[in-house]
Amino acid sequence: MAEERRLDRLSAMLRRRGIVLPAFDIYGGVSGLIDYGPVGAAIRRRLTQKWIDHWLSHGDIVEIDSPTITPEAVLVASGHVGEFNDLMTECRACGSAFRADHLVEHLHPNADSLAADAVDGLLASGIECPSCSDAAWTAAQPMNLMFSTQIGAMSSGRTAFMRPETAQGMFMLYPALYRHFRQKLPFGAIQTGKGYRNEISPRQGMIRLREFNMAELEYFIDPENPPHVDLARRTEIITLVPDPDGPYAGETRMGFGSALDAGIVRHSTVAWFLARTWDFLVEVGIDPAQIRFRQHASTEMAHYASDCWDCEIHGEHGWIECVGIANRTCHDLESHEAHSKAKGLRAWRQFAEPRTQTVERLAPNGAVVGPTFRADAGAVVAALEALSELPDELPFELQLSDGRSVTIDSSMVERRTETANVSGEWFTPHVIEPAFGIDRIIWHVLDHAYEEAQKEGEDYTFLRLAEGISSVDCVVLPLFDKEGMPELAREITSAINSLPRARAEMDSSKSIGRRYARADEIGIPWALTVDHTSLKDGSVTIRRRDDQMQVRSFVDEILERMAAGTIQELF
RNA sequence: GCGUUCAUGGUGUAGGGGUUAGCACAAGAGGUUUCCAACCUCUUAGCCCGGGUUCAAAUCCCGGUGAGCGCACCA
């Protein structure tokens, strides 16, 4: 009970202080849509920027930005149009809605692959409603969880969807990325932005949203030469929940390196991203004790993925999936290559030594093949090139791709043995994808930073946000709102704001204690107070949020240290 | 989507068929104050939306919307 109250108080504080609020509130609100207020938007931007910096620092990762409106064909190839098209049916008696394939799954081994009319047939065989035991169902209809729209006006418009993930943008840009990186793997691309899913019932505050902030990385590797990773120096012990169907079922604690060596994490690059995800979460203030990595069961994994991990964070809503790290293998690029007919979705693998390949082929004699087959000549040439085994003797029957066959005699072809030096081969890169739910991470950052304390008998709350995550770094407080103190405070505020990436604001209303409390509640780590001494010698007191310690220093030194990130050393 | 509980200033709440709708905190203006939600004066600000019943609805009824919980759903 006490825990639920904390959730209520935290939510109330987030609304009151302009961090996270219901969207469109004056019109009654819309479920699943939220606003970040003035404080929350700054926190979100800074956390997102930290995420971008975290990955860009690797050197082989770049940022891209692509549209949120996505043509249907892209999402057909990615599988989203199919996968998001679950068939739903409603009970005619009580109106309850269900996944139709779930209702009939005991009647068919692959219920989710059935067409709507087949499902209707099975439903009519007397399936009872789990809610009211009636047995009358509406026709099964696809319930698409994507927001659809039209590109262009009226009937000439193309069907499109608001993207359900940002990942497809990285796949669309694969050819440009491959050129950018001078045709060398591995490399990666990141993108942050909005994603959209028309959830049936959004719940749990900002955990399940209909429009949400995503941050995704696609890291392309050569599956035969995965990048070297060194986890030997990592000492942290993490909580793992391996595949419940595998040999390591149950919760275990070990290091990243051991998990890879033991084969629990099946791919070295995946292990490396688990570790780097951990680094990011801890850097932005997630409590390490509240992080665990859960491996998908083989049955739960998308069909193409070979190793999937959720990074779950524990908070007021229990364990929540906040990051998904998946080895998507070559699935996406191959699928886009097949659907789009594009050629550039591969990478070149140079052999260590050029290989000599000897090829036996029947080279067509155009002067005979052309006049003989006329319109079919092209198909005949193609069929000859495609022969994997050459006939022992001529003439022979050649099968064309459309099923017909033609007779090829010795005047039409020449048997040749060709040798070529092959220095490498084309292949489809594999991709490892860490996908972050920014809103969920922000929720847990706030949750873990929110501390209810007592101060001289009164309730007092802190938001112990990590350095660089708070909406501003520093609040400047004139001790009194007169005698030149506000003017000096204003000068100091703008001096700090002219530093790169440092933010300050001034607060001169009400008592000094109240202003400290206001700053503590939204997590501002530093407070500079301008008093009478400041007016004489340019020194101010600087107060540290986390222990309310205060030291006196000169404004110039504080500015220098703020730019260098060494404020802590003053204490 | 179904069931259920709920909806009063920015936040938390009291009340409730006819009230100037109360309180606390927060916020704004002024005063006071030599550093941790002090004090004094004044001020701003509210019954979720729509329909019904009634002489009269913020209050009762119905519907919607939103929130919490349970079921279902959750690439």
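None of these values were measured; they are calculated from a predicted model.
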[N] versus [M] - spacing of their [atom1] atoms, nearest Å:
N     : M     : atom1 : answer
B/C61 : B/G70 : P     : 27 Å
B/G10 : B/G28 : P     : 15 Å
B/G17 : B/A57 : C1'   : 6 Å
B/G18 : B/A56 : P     : 14 Å
B/G12 : B/A45 : C1'   : 15 Å
B/U43 : B/U4  : P     : 47 Å
B/A37 : B/A27 : C1'   : 14 Å

Under 4.0 Å protein heavy-atom contact, by nucleotide of nucleotides 30-50 of chain B - B base, S sugar-phosphate only
---BSBBBS------------
Between [X] and [Y]: side-chain donor-acceptor atoms closer than 3.5 Å:
X        : Y        : answer
A/Arg518 : A/Ser509 : yes
A/Tyr516 : A/Gln550 : yes
A/Thr329 : A/His331 : no

Using a strict 4.0 Å threshold on nitrogen-to-oxygen distance, state whether A/Asp243 and A/Arg266 make a salt bridge.
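Answer for the salt bridge query: yes.
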Strictly below 4.0 Å, N to O, side chains only: are A/Arg294 and A/Asp310 in salt-bridge contact?
yes
Report yes or no: is there a donor-acceptor pair, N or O only, under 3.5 Å between the side chain of A/Ser509 and the base of B/A27?
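Absent.
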Could you tell me the separation between the [atom1] atom of [X] and the [atom2] atom of [N], rounded to a whole number of Å?
X        : N     : atom1 : atom2 : result
A/Lys510 : B/A27 : NZ    : C1'   : 6 Å
A/Arg9   : B/G68 : CZ    : C1'   : 16 Å
A/Leu10  : B/G12 : CG    : C1'   : 15 Å
A/Ile522 : B/G10 : CD1   : C1'   : 15 Å
A/Arg5   : B/G12 : CZ    : P     : 9 Å
A/Leu14  : B/G68 : CG    : C1'   : 16 Å

Runs of at least three Watson-Crick or G-U pairs with RNA chain B, cut-off 3.5 Å:
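Stems found: B:1-7 with B:65-71, B:10-13 with B:22-25, B:27-31 with B:39-43, B:48-52 with B:60-64.
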Looking at every strand, decide which applies to [X] at a 4.0 Å heavy-atom threshold: base, sugar-phosphate, or nothing.
X        : value
A/Ser31  : sugar-phosphate
A/Gly205 : sugar-phosphate
A/Arg203 : base

Here's one to test your reading of the geometry: is the NZ or CZ of A/Arg292 within 45 degrees of the ring axis of A/Trp319 and under 6.0 Å from its centre?
yes
Check whether any side-chain nitrogen or oxygen of A/Arg15 sits under 4.0 Å from OP1 or OP2 of B/G12, and answer yes or no.
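Answer yes for this pair, as a side-chain N or O of A/Arg15 is under 4.0 Å from OP1 or OP2.
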Rounded distance [0.5 Å steps], OG in A/Ser470 versus CH2 in A/Trp526:
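Result: 10.5 Å between the selected atoms.
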If we check ring pair (Phe, Tyr, Trp, His ring centres under 6.0 Å) with A/Phe436, which of these qualifies: A/Phe212, A/Phe273, A/Trp51?
A/Trp51
For the pair A/Arg158 (side chain) and A/Glu72 (backbone), establish whether a donor and an acceptor sit closer than 3.5 Å, ignoring hydrogens and angles.
no
The side chain to side chain contact (heavy atoms under 4.5 Å, CB included) partner of A/Leu528 among A/Val475, A/Ile496, A/Leu477 is A/Ile496
